[in-house]
**Q** 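First, the structure itself, so that you have it in front of you.
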Amino acid sequence: MQYDQIDYTAQASEHSLPTPVEIALPDVIAAHPYAVAASPGEHDSLYAARYRALADALPHMSWIASASGELRDDSPSWRAYTGQTMTEVFGLGYQQAIDPSDRRRLIAAWGAAHSDGRPFQAEQRVRGTDGVYRTFLAHVVPVFDDEGTVREWMGVYTDMTAQKAAEDAHHDLLARERAARAEAEIACTRAEDAAGELRTILDILPVGVAIVDKQGHGLRRNKALERLRAKGTPYINGMDRYDELRGWWPDGRPLRAEEWAMTRTLLNGEVVTGQEIEMESVTGERRTILNNSAPIRDASGEIVRGVVVALDITERRRVERMALDRARQFAATLEAMTDGVIVNGPDGEIIHTNTALRQMLGLDPTGEVFEHDVQDLIASIAVRDAEGNVLPSSWTASRALTGETISSAHAVEGRFEDGQGKKRIVLMSASPIRDETGRIRGAVSLVRDSTEQQKMQAERERMYDLVPHELRAPITGLLLLTHLLRTNVSQGKPVQDDDLERMDRGLWQLHRLVNDLMDAGALHAGKVSVELAPCDLKQLCEQVVEEQRAATGRAIKLDLSKRAVEVRADAQRITQVLTNLLTNAIKHSPATRRIVLKVRREPEMLRVSVQDGGEGIPHDALAHIFERYYQVRKPDDPFTGGLGLGLYICQELIAQHGGHIFAESVVGKGTTVWFTLPRVH
């Protein structure tokens, strides 16, 4: 075997502690028959026997190899451990039991030691009979001849498996200890960093934070909480001193020690959220505080600490109160408005209406009003554009939600029938609601009831048509009669009684028209009052009927009680009512038809009716006959005579007497108008 042909590189391993084989090797080598060149021949067998006995007695495997590394002698200990046969052991066969990678290192170390004949050590993994490799420490020592040349090698293998495992375990334990120490140092550093970060975070938080132990003693608190400390009292310094803290519930009741959020948390384990209290701060100012607290538990679930978070909501509550006050003022303003108000959300949904609108819709503002009723009635409003096209009632709100403002000067007209069946006319304007960024958040619409205004306008227009016409006829007649009288007088002709009578009727007609105009205006303005006194209604009826018979020559039937019928009334005004009703009945019924005036007793009232035999009033006109200036028009005669004020005046006067007036009519059969007056018992 040539060592210089081996291309493996290895270093002889050094062991720090001497092993038993290192101590015994000199003796073993000395006992070898070749170790002493000058040994007498007779001693060779003795020394060989001693060596063999010593090798067998050692608890190690041993062998002797030639200078080239081949085994020449049997090694029973090697064969016993490896299970190799004697044939397999000789030569280089013993190396087959060594791990191949270790085998190369052994040969490399052997070759390196051969040149100077020095011993060496190397760890080897040797396969046992069970097929398991165990770690051995090989001590290889050269044996020299007389000339100092390596003649052979002697090797001793010591089982290092247990020692190696112990060393590995020791190294592993040391590595783990170092790793644990490093982790602990990292954890400590992290904890310190985290603590520093926590302190920094706590100090910059706008909310007060405190951590206390199980007894309530403060462990840590931030600056914000220190500012919230009650004036003249220590900060959290144990639950036994909580009674020194001054706090109040929102209703002004003092806060007891056991009611503080932290007390409840530490004693009962409660998680307290949203506890609103008031405290007097270090500046002496009463502040509103929102407390939240929770327990901190250990692994077993025991409470070991508590944490409390205190938020100063004084400014928030002030802003909320201000906003609430403004909202109330806004709501009061809406309720005080005579115009209806509709507030729509960003999607067009109705979120608020005021009392005026609900009244306008015919709903009882004091009763229960369901939102769907309001929605349905609003949806029934027929809005018309400038061309008269019907649009949905949400049209104005939809325009406002797009950013358009519909001013009152450009309000659109809407018509609908309210919950009581009354037809109404409204003017609708709208404007968008924007937030501080200018974004549209809703719309508000104003609904002005113009029914009465439109009605007054229509009445005014009718008056402009009627009054000149009604005044022109008697004035023209009077002018003609005056001219005729002047002509007759200038010619010496006598004045005719018929002419004077016609002048008298014309003057009375003018007088009545002027009086009706004045009475209607005064009644509408609320400037007419009646003077109630006991009077005989039967006598008033007889007097008015007699005057009408004499003036018109018409047949008027009286259907009266034989007994006196006494009422509390203004005799002059009731006479005016009876005269107006009989005049209307005479005017609207043929001369051949009789007029009937009837008085009937009722438990609490007296009913007076005037019935004619005229053409009757159409149903659609019957509901309007008591309106100012309203007249039932005939297709062939747009001016039927009068100003349309008689029934209006009658209605207002009867109402001031505490009575009611109604009309019943059948087309082709006539009309009956009746009214009631309270009886005098």
Side-chain angles (χ1 to χ4, degrees), residues 6 8-31 51-65 69 71 74-84 88-89 92-114 118-143 153-188:
I6 300 176
Y8 304 100
T9 58
Q11 298 293 330
S13 61
E14 298 292 338
H15 203 276
S16 58
L17 296 175
T19 62
V21 71
E22 292 176 311
I23 300 173
L25 270 175
D27 295 335
V28 172
I29 295 172
Y51 165 74
R52 180 61 59 191
L54 180 60
D56 292 340
L58 288 174
H60 310 285
M61 294 186 298
S62 61
W63 45 254
I64 297 176
L71 226 67
D74 184 21
S75 177
S77 59
W78 183 271
R79 288 190 294 105
Y81 175 75
T82 63
Q84 291 179 302
E88 293 172 340
V89 168
L92 298 177
Y94 72 95
Q95 294 182 3
Q96 297 301 315
I98 300 175
D99 184 90
S101 60
D102 294 343
R103 191 187 312 161
R104 295 188 188 97
R105 288 192 292 108
L106 172 64
I107 295 172
W110 214 337
H114 184 270
R118 57 181 175 82
F120 66 91
Q121 299 182 46
E123 286 189 2
Q124 312 286 314
R125 284 170 292 179
V126 183
R127 184 182 64 245
T129 57
D130 56 0
V132 177
Y133 285 89
R134 295 177 66 83
T135 302
F136 288 83
L137 181 64
H139 293 265
V140 182
V141 180
V143 179
W153 298 87
M154 180 177 181
V156 178
Y157 277 64
T158 303
D159 191 346
M160 301 291 293
T161 304
Q163 181 179 345
K164 186 68 174 177
E167 289 177 355
D168 291 344
H170 177 67
H171 291 317
D172 184 59
L173 181 61
L174 290 176
R176 290 183 181 180
E177 181 183 354
R178 286 193 295 270
R181 186 179 296 112
E183 289 180 0
E185 291 176 355
I186 293 173
C188 183

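Heads up: numbering here begins at 1 and tracks the sequence. Both backbone and side-chain heavy atoms feed into the values below; hydrogens, waters and symmetry mates do not.
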**Q** Rounded to the nearest 0.5 Å, what's the gap from OH on Y81 to CG on D130? Could you check?
**A** 6.5 Å

**Q** Locate the shortest heavy-atom distance separating A97 from Y133; write the atom from each residue and the value.
**A** O-CE2, 3.9 Å

**Q** Once side-chain contact (heavy atoms from CB on, under 4.5 Å) is applied, do any residues pair with T129, and if so which ones, sequence neighbours excluded?
**A** none

**Q** Atom CD1 of I98 and atom CZ of R104: how far apart are they, to the nearest 0.5 Å?
**A** 12.5 Å

**Q** For the residue pair G69 and Y94, what are the closest heavy atoms and their distance?
**A** O-OH, 3.2 Å

**Q** Could you report the tightest heavy-atom contact between W153 and A113, atom names first, then the distance?
**A** CH2-O, 4.0 Å

**Q** May I ask you to test the V126-T82 pair for a side-chain heavy-atom distance under 4.5 Å?
**A** yes

**Q** Quick one, E88 and Q96 - any side-chain contact, counting heavy atoms below 4.5 Å?
**A** no

**Q** Taking R79 for its side chain and Q84 for its backbone only, find out whether a donor-acceptor pair lies under 3.5 Å.
**A** no

**Q** With under 30° as parallel and over 60° as perpendicular, where do the rings of Y157 and W78 fit, or are they tilted in between?
**A** perpendicular

**Q** Side chains of Q124 and L106, heavy atoms from C-beta outward: is any pair under 4.5 Å?
**A** yes

**Q** Show the numbers, then the answer: is there a salt bridge (Lys or Arg N to Asp or Glu O under 4.0 Å) between E185 and R181?
**A** CA-CA 6 Å; E185 291 176 355; R181 186 179 296 112; 5.4 Å; no

**Q** By side chain to side chain donor-acceptor pair (under 3.5 Å), which residues pair with R125, not counting sequence neighbours?
**A** D99, S101, D102

**Q** Apply side-chain contact (heavy atoms from CB on, under 4.5 Å) to the pair Q163 and T158, showing each step before the final yes or no.
**A** CA-CA 10 Å; Q163 181 179 345; T158 303; over 6 Å; no

**Q** Going through the checks in order, is the side-chain contact (heavy atoms from CB on, under 4.5 Å) test met by M160 and F136?
**A** CA-CA 5 Å; M160 301 291 293; F136 288 83; 5.6 Å; no

**Q** What's the verdict on side-chain contact (heavy atoms from CB on, under 4.5 Å) for Q121 and L137, showing C-alpha distance, side-chain angles and the deciding distance?
**A** CA-CA 7 Å; Q121 299 182 46; L137 181 64; 3.4 Å; yes

**Q** To the closest 0.5 Å, what do you measure between OG1 (T135) and CG (D168)?
**A** 8.0 Å

**Q** I need the minimum non-hydrogen distance between S77 and S62, along with the two atoms involved.
**A** OG-N, 3.2 Å

**Q** Only pairs at least two apart or in different chains count here, so list each salt bridge (Lys or Arg N to Asp or Glu O under 4.0 Å) that has a residue in residues 154-164.
**A** E123-K164, R134-D159

